[in-house]
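A quick write-up on the structure given underneath.
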Amino acid sequence: MPIVSTEFRFADRLGAWKARWGIGRMSYLVPPGLYAIGSPGPEDPVVVTANYKMSYDLVRREFSGRSVWLLVLETFGINVWCAAGKGTFGTDELVRRVEKVGLATVVTHRTLILPILGAPGVAAHQVARRSGFQVCYATIRAADLPEYLDNGMVTTPGMRRLTFTARERLALTPIELVTTGKWGVPFVALLVALSALSGGLLSFSTLVSALVLFVGTILTGAVAAPVLLPWLPGKSFAVKGAVAGCCWAVLFIGVGRETTGWLDAMALVLAVPAVTAFLTLNFTGSTPFTSRSGVKKEMRLGLPAMAVSLFAGIFLWIAARFL
């Protein structure tokens with residue numbers, strides 16, 4: 001039986017940082033199975049989590065000085081919430097893992113403690129019928145698990161409350177920046193090439209201006225809009241991102257008003273909000289207050305509008321080069 005430490009070492013922090021930035025993200029996992037924390041016996045609780053190492057680490061480090069069984073499901077390196085939506089943190093995998101590790105011979109009780117965010121993927125009545133184990137949905141945050149156990153396995157209202165503070169939103173932006181950079185850099189290179197072809201040698205000021213516009217647009221859509229999410233107008237993420245993009249475009253035009261013609265200004269007002277709206281819309285998959293049907297509806301309505309706005313902006317920008 002593998003015995004795991006509750007200590008959070010430098011290597012764990014480094015691994016989490018790398019995963020946040022998309023470095024080895026899909027291989028940041030632990031083998032599924034049953035782990036022992038401390039010296040658990042047959043009457044000690046069984047806590048269930050995903051095999052995404054960041055989720056695994058968040059759970060195990062909360063049980064310092066305690067004896068707990070940790071049942072890790074095969075979610076292919078996906079966190080509990082996302083895996084529940086995909087079905088990998090689900091009824092079949094839970095039942096299969098309970099049988100595979102022989103949990104019924106390890107503990108005398110028949111209770112499994114699951115995270116609340118895993119509930120969408122697990123049918124508790126089917127787990128009970130197929131495995132004989134009762135499912136208890138404990139808390140949203142791993143940090144509340146010790147209190148939950150000390151409270152007689154009773155979930156308080158605070159343990160059900162899901163926060164989404166500015167700090168928590170910022171923690172999700174690094175992977176968005178990395179993903180955006182994969183298509184953003186070639187796009188900027190294309191704009192720079194068009195500038196060079198239309199105006200001869202590319203001046204240093206033009207290059208700096210293009211880079212500032214690019215970086216500002218990415219930061220507005222992937223960082224500023226998520227941070228300002230509660231205060232931006234509208235319910236749609238795309239609208240919120242577009243509003244933030246309009247503000248950035250107007251600011252950029254205002255700073256460079258002596259060198260920005262009216263066609264360039266119109267191009268920016270059309271293109272920049274389209275990009276920031278798209279980036280902010282990507283953020284819906286990381287938030288606690290969107291639904292799958294709502295996201296699909298917003299994409300169906302928003303993506304065509306973004307495409308039209310973006311291509312109209314590019315057309316005006318190219319036209320300005322020849323007028």
Side-chain angles (χ1 to χ4, degrees), residues 1-4 19 24-37 40 42-63 68-142 144-145 148-149 153 155 159-160 162 175 284-296:
M1 181 69 61
I3 300 176
V4 299
R25 165 65 186 83
M26 297 313 298
S27 60
Y28 195 57
L29 47 80
V30 296
L34 186 64
Y35 295 81
I37 298 176
E43 297 183 356
D44 286 308
V46 179
V47 177
V48 183
T49 190
N51 76 329
Y52 176 40
K53 192 174 184 302
M54 197 179 297
S55 299
Y56 165 86
D57 284 343
L58 288 174
V59 174
R60 69 177 174 86
R61 71 178 183 177
E62 296 300 333
F63 291 117
V68 176
W69 297 105
L70 186 59
L71 182 63
V72 178
L73 304 189
E74 174 62 272
T75 61
F76 305 97
I78 305 298
N79 65 68
V80 169
W81 188 23
C82 294
K86 293 177 180 294
T88 51
F89 191 97
T91 303
D92 291 340
E93 168 58 15
L94 180 57
V95 172
R96 180 167 52 250
R97 197 59 51 185
V98 165
E99 294 175 350
K100 190 167 184 177
V101 302
L103 189 62
T105 64
V106 177
V107 296
T108 55
H109 62 82
R110 292 297 180 264
T111 302
L112 301 172
I113 300 173
L114 271 67
I116 291 176
L117 292 181
V122 177
H125 65 286
Q126 291 187 21
V127 174
R129 177 176 58 82
R130 294 167 57 183
S131 71
F133 279 83
Q134 175 187 1
V135 170
C136 292
Y137 296 108
T139 67
I140 286 179
R141 295 174 298 273
D144 290 331
L145 283 171
Y148 170 81
L149 294 177
M153 293 177 58
T155 305
M159 296 175 187
R160 299 190 187 98
L162 182 61
I175 191 66
T284 56
S286 308
T287 62
F289 46 84
T290 56
S291 66
R292 181 179 298 182
S293 60
V295 171
K296 288 182 177 180

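Computed from a prediction, not measured in an experiment: that's the story for all the values here. Residue numbers start at 1 and run along the sequence shown.
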* Any side-chain heavy-atom pair of Leu94 and Val135 under 4.5 Å -> yes
* Assess whether side-chain contact (heavy atoms from CB on, under 4.5 Å) is satisfied between Val122 and Val48, documenting all intermediate values. => CA-CA 12 Å; Val122 177; Val48 183; over 6 Å; no
* **CD1-CZ distance between Ile175 and Arg25, expressed to the nearest 0.5 angstrom** => 7.5 Å
* Do Asn51 side-chain atoms and Val30 backbone N/O form a donor-acceptor pair below 3.5 Å? -> yes
* Structure fact -> Looking only at heavy atoms, the pair that brings Ala104 and Arg110 closest together is O-NH2, 3.1 Å
* Main-chain N/O of Phe76 paired with Glu74 side-chain donor or acceptor, under 3.5 Å -> yes
* Asked: Out of curiosity, Tyr52 OH to Met26 CE, how far, rounded to the nearest 0.5 Å?
  -> 9.0 Å
* Asked: If you look at every heavy atom in Gly33 and Tyr35, which pair is closest and at what distance?
  -> O-CD1, 3.7 Å
* Is Ile116 close to Arg160 at the side-chain level, that is, under 4.5 Å between some pair of heavy atoms? -> yes
* List the atom of Pro45, the atom of Val68, and the distance in Å for their closest heavy-atom pair. => O-CG1, 3.6 Å
* If we only count heavy atoms from C-beta on, is the Thr75 to Lys86 side-chain gap below 4.5 Å? -> no
* Structure fact -> Correct closest heavy-atom pair for Arg97 and Leu73 would be CB-CD2, 3.7 Å
* To do: For side-chain contact (heavy atoms from CB on, under 4.5 Å), just list the numbers for Thr155 and Tyr137, CA-CA rounded to whole Å, side-chain angles, deciding distance to a tenth of an Å, and then say yes or no.
  => CA-CA 8 Å; Thr155 305; Tyr137 296 108; over 6 Å; no
* What distance separates Tyr148 OH from Thr139 OG1, expressed to the nearest 0.5 Å? -> 8.5 Å
* Stepwise, does the side-chain contact (heavy atoms from CB on, under 4.5 Å) test hold for Val106 with Val101? -> CA-CA 9 Å; Val106 177; Val101 302; over 6 Å; no
* Structure fact -> CG of Leu112 to CD of Gln134, rounded to nearest 0.5 Å, is 9.0 Å
* **Interatomic distance, Tyr28 atom OH to Tyr56 atom OH [nearest 0.5 angstrom]** => 10.5 Å
* To do: Show your working on side-chain contact (heavy atoms from CB on, under 4.5 Å) between Arg130 and Asp92 and close with a plain yes or no.
  => CA-CA 9 Å; Arg130 294 167 57 183; Asp92 291 340; 2.8 Å; yes
* Asked: Less than 4.5 Å apart, any side-chain heavy atom of Val80 and any of Thr49?
  -> yes
* Asked: Minimum heavy-atom separation for Pro31 to Val72, with atom names?
  -> O-CG1, 4.2 Å
* Side chain Arg141, main chain Leu162, donor-acceptor under 3.5 Å -> no
* Work out which heavy atom in Glu43 is nearest to a heavy atom in Thr108; give both atom names and the distance. => CG-OG1, 3.7 Å
* Rounded to the nearest 0.5 Å, how far does CG of Leu117 lie from CH2 of Trp81? -> 7.0 Å
